[in-house]
Amino acid sequence: MRHSLLQLLYALLLGLLGAAIVHITIILLVPSYASETLWNRVEQLGQPETFHPLEGKNWAMRSDPLMRSTVCRFDLSNGPVHISAIGKVPFWSLALYNHQGDITFSLNDQVSPATDLLLVSPLQKILLEQSMPQQLEQSVLVNQAASEGIVVLRVFEPDTTWRDEVSEFLKSAECMSISLEN
């Protein structure tokens with residue numbers, strides 16, 4: 001009886017030791033897997049302030065085959081960022097993400113007839129309210145607390161007859177810093 005109790009205690013101790021080793025190993029491996037964030041994936045696509053299509057890429061945003069997506073990384077420390085696209089498509093939506101991947105703003109064609117936004121920091125907003133350039137007066141002013149972010153523009157392509165219009169809309173998409181100096 002005593003021998004079987006010692007064997008059971010030994011097995012439990014060995015199991016706990018094995019679980020502790022597995023637990024510590026997983027904790028040490030988490031940073032290497034956590035580096036594959038949305039921000040890092042967008043950074044790998046190319047230059048900031050340029051829309052990059054997500055066609056053919058393994059992205060969660062690309063899971064709907066009827067939606068075409070493009071993404072742009074921006075930095076407000078270079079000045080306000082003007083987001084625009086021209087054309088008529090069945091549906092478009094735009095979402096802004098912060099560095100952590102949280103949505104900070106979203107808009108679609110049901111809310112705004114034009115894809116024309118101006119992303120600004122709180123200080124840039126004050127400066128723009130004093131002297132708004134005429135070409136930006138119709139833009140939707142979007143105040144961003146964080147200086148860096150990601151813009152995702154998604155367009156609905158119901159069938160192949162819309163392919164040209166959707167492609168032209170996505171090609172026209174701009175994401176660029178503007179100067180506040182006169």
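Values below: every heavy atom of this structure, side chains too, minus hydrogens, waters and symmetry copies. Note that this is a predicted model, so its numbers are computed, not measured.
Here the side chains of H82 and D116 are in contact, with some heavy-atom distance below 4.5 Å. You'll find the side chain of L117 reaches within 4.5 Å of the side chain of F105, heavy atoms only. Between L127 and V120, the closest side-chain pair of non-hydrogen atoms is not below 4.5 Å. For the pair E49/N78, a side-chain contact is recorded, criterion being any heavy-atom separation below 4.5 Å from C-beta on. Looking at D75 and P48, their side chains never come closer than 4.5 Å, going by heavy atoms from C-beta outward. For the pair F156/V166, no side-chain contact is recorded, criterion being any heavy-atom separation below 4.5 Å from C-beta on. Two residues are said to be in side-chain contact when any heavy atoms from C-beta on lie closer than 4.5 Å; L153 and I83 fail this criterion. Looking only at side-chain heavy atoms (C-beta outward), V151 and F51 come within less than 4.5 Å of each other.
The cluster map of Ile, Leu, Val, Met, Phe, Trp and Tyr, joined by side-chain heavy atoms under 4.5 Å apart, puts M176 and L170 in different clusters. Put simply, V155 and L54 are part of two different groups of oily side chains (I, L, V, M, F, W, Y) that touch within less than 4.5 Å, one to the next. Cluster annotation: V152 is not connected to W92 through the hydrophobic network of ILVMFWY side chains, with a link wherever side-chain heavy atoms come within less than 4.5 Å.
No side-chain donor-acceptor contact under 3.5 Å links S84 to the backbone of T115.
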Should E148 and R73 be marked as a salt bridge (charged side-chain N to carboxylate O under 4.0 Å, His left out) after you check the CA-CA gap, both sets of side-chain angles, and the distance that decides it?
CA-CA 8 Å; E148 293 181 311; R73 187 169 39 103; 5.9 Å; no

Working note: Q144 + F74, criterion side-chain contact (heavy atoms from CB on, under 4.5 Å); need CA distance, chi angles, decisive distance, verdict.
CA-CA 11 Å; Q144 291 288 293; F74 67 87; 4.3 Å; yes

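A salt bridge between K88 and E165 is absent, with no side-chain N of the basic residue lying under 4.0 Å from a carboxylate O of the acidic one.
Crowding of Q138 atom CD: a count of heavy atoms from other residues, nucleotides or ligands under 6.0 Å not exceeding 12.
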